[in-house]
Structures are given as C-alpha cells and as structure tokens.
Amino acid sequence: MGPGAMYVTITSADGHEFIIKRKYAEASETFEAMIGGPSETPENEPLRVDMKRYQSHVLQTVCTYLIYKVYYTNSTTEIPLFPIASEMSLELVDVANYLNC
Amino acid sequence: MIRRKKLTIFTDAKDTTTVLELKKMIEGILKVSPVNQQLFKDNQVMEDEKALQDYGLTSNSAKAQCPGSVGLALRLDNGDFEPLELTPFSSPPDLPDVMKTDSNGQEQTP
C-alpha cells in the first residue's frame with residue numbers, strides 16, 4: 001500500500017465535516033492539487049481541505065457527485081442521471097467550476 | 001453516508017457488509033473502537049452481526065448518486081451512549097421566480 005492518508009476531511013462554511021476516500025476527492029482537479037501527491041503526506045496524518053466558502057448542502061452534493069463520477073467512469077452499465085434540485089443549480093455550477101470537475 | 005452531529009462519512013459497502021464491519025471502517029477513520037459505537041437505521045439500533053441488506057440498505061436502494069444514510073452515536077465517558085443527533089445540512093436559497101418552471105429540467109455538470 002502506498003503512503004498517504006486514505007481519507008480526506010472537507011470542512012464547510014457552517015461547520016459540517018465531510019469525510020470521503022481520497023480517491024474520490026481526487027476526481028476533482030482542484031482537490032487533487034489541494035491534497036498534493038501521495039508522497040508528500042506522511043501516513044496516518046489526516047488530510048483536511050478547507051471549503052468554507054460553501055455551505056454544507058452544496059458540499060454534500062459535491063461529495064455524492066464525486067463518488068458517482070468515479071463509480072460510473074468507464075462503467076459498461078447504463079449510467080443513471082445525477083439528480084440536482086433546481087434550487088441548488090446555481091451554487092452547483094459555481095462549485096463545479098471551482099473544483100474543475 | 002454515516003452521520004453524527006456535523007460529521008458525514010462517505011464509505012463503500014456491500015449488501016452483505018455486516019454492521020460490525022462498518023463499525024471497523026469507522027474505527028479506522030475516527031479511531032473509536034466498535035464497542036463504543038452505535039449505528040442506527042432511521043431510529044432503530046443496528047446489530048453487529050446483521051448485514052446492511054437486513055436493514056434495507058441494498059445496492060438497489062442505496063446508489064452512488066443517492067447514498068443510504070446511517071446514524072452514529074458514540075459512547076460517553078459515563079458508559080452510556082450519547083443520544084443520536086444529526087445536525088441538518090443548510091438549505092439552498094429559494095429559487096428566483098424567473099427560474100421557476102413546471103418542466104422537469106435537470107442540469108448535468110460534466
């Protein structure tokens with residue numbers, strides 16, 4: 001197994017914390033750059049990413065989307081639509097642009 | 001998703017993953033022993049030897065784009081478990097009137 005922590009903690013504006021596997025966070029180029037390469041982080045040291053410009057409801061959808069993206073990339077099964085509430089679409093376009101994913 | 005107060009953990013699990021195995025995954029992240037964890041599906045305490053599918057968490061009901069949700073309570077210093085508490089997420093702003101439409105428009109972010 002390679003070095004580096006397996007999970008990343010993402011913090012929201014309202015104090016919520018989201019923990020996802022590093023491999024899902026790296027589906028976003030911005031997260032990947034923020035986390036850095038595996039060799040830069042000592043094992044077992046927790047990785048934290050500050051996303052305090054965004055509220056928890058946005059980040060919850062971001063985490064779900066990153067997992068959905070990795071899960072269905074190169075999938076041969078039919079890919080279901082990712083549900084997005086209209087009320088969130090503006091904020092999601094903003095964060096998707098920021099995260100480049 | 002495993003939720004406790006303001007913490008949300010996203011993990012992978014199979015239909016046949018047991019509750020105890022899920023607690024061990026949480027132990028790896030939060031460094032809390034499974035004996036000091038209590039998992040809840042809705043308000044029902046989940047038993048270690050049961051599988052997630054026994055609580056209705058299957059690959060059909062809990063998908064990548066729509067994950068299932070499990071509550072977590074940790075044991076307090078006095079030996080009792082804390083009450084299950086999930087801090088709700090924030091709410092999106094109201095839709096501007098110009099965007100309100102009767103059609104079922106879905107935006108996909110590439």
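Every chain is numbered from 1 and lettered A, B, ... according to where its sequence line falls, protein lines coming before strand lines.
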Residues A/Gln60, B/Arg3; criterion side-chain contact (heavy atoms from CB on, under 4.5 Å); working and verdict: CA-CA 11 Å; A/Gln60 191 244 339; B/Arg3 298 202 51 214; over 6 Å; no

Side chain of B/Ser90, backbone of A/Ser56: donor and acceptor closer than 3.5 Å? yes

What I'd like to find out is whether the side chain of A/Glu87 reaches to under 4.5 Å of the side chain of B/Asp94, using heavy atoms alone. no

Report yes if the distance between the aromatic ring centroids of B/Phe10 and A/Tyr7 is under 6.0 Å, otherwise no. no

With the side chain counted from C-beta on, respond yes when A/Leu81 and B/Gln65 share a heavy-atom pair under 4.5 Å apart, and no when they do not. no

Taking atom NZ of A/Lys21 and atom OG1 of B/Thr11, what is their separation to the nearest 0.5 Å? 7.5 Å

Joint cluster assignment, B/Leu20 & B/Tyr55, ILVMFWY side-chain distance < 4.5 Å: no

Between B/Phe89 and A/Thr61, is any pair of side-chain heavy atoms under 4.5 Å apart? no

Does any heavy atom of chain B fall under 4.5 Å from the side chain of A/Phe18, the backbone, both, or neither of them? both

Got a second to check how far A/Phe82's CZ is from B/Cys66's SG, nearest 0.5 Å? 8.5 Å

Name the one of A/Glu91, A/Gln55, A/Met88 that satisfies side-chain contact (heavy atoms from CB on, under 4.5 Å) with B/Pro93? A/Glu91

B/Leu74 and B/Leu84: same hydrophobic cluster, using ILVMFWY side-chain contacts below 4.5 Å? no

Tell me whether B/Phe81 is reachable from B/Ile2 by hopping between hydrophobic residues (I, L, V, M, F, W, Y) whose side-chain heavy atoms are closer than 4.5 Å. no

Ion pair B/Lys6/A/Asp14, N-O distance below 4.0 Å: no

Which atoms of B/Ile29 approach chain A - backbone, side chain, both or neither, heavy atom under 4.5 Å: side chain

Check the hydrophobic clustering (I, L, V, M, F, W, Y; side-chain heavy atoms under 4.5 Å; chains of links allowed) and say if B/Leu30 and B/Leu86 are grouped together. no

Kindly say whether B/Pro88 contributes a backbone atom to a donor-acceptor pair with the side chain of A/His57 at under 3.5 angstrom? no

Does a side-chain heavy-atom distance below 4.5 Å link B/Pro67 with A/Thr64? yes

Is there a path of hydrophobic side-chain contacts, each under 4.5 Å between heavy atoms of I, L, V, M, F, W or Y residues, that connects A/Val8 with A/Tyr98? yes

Would the number of heavy atoms belonging to other residues, nucleotides or ligands and lying under 6.0 Å from CG of B/Asn78 be above 12? yes

Does a side-chain heavy-atom distance below 4.5 Å link B/Thr8 with A/Ile19? no

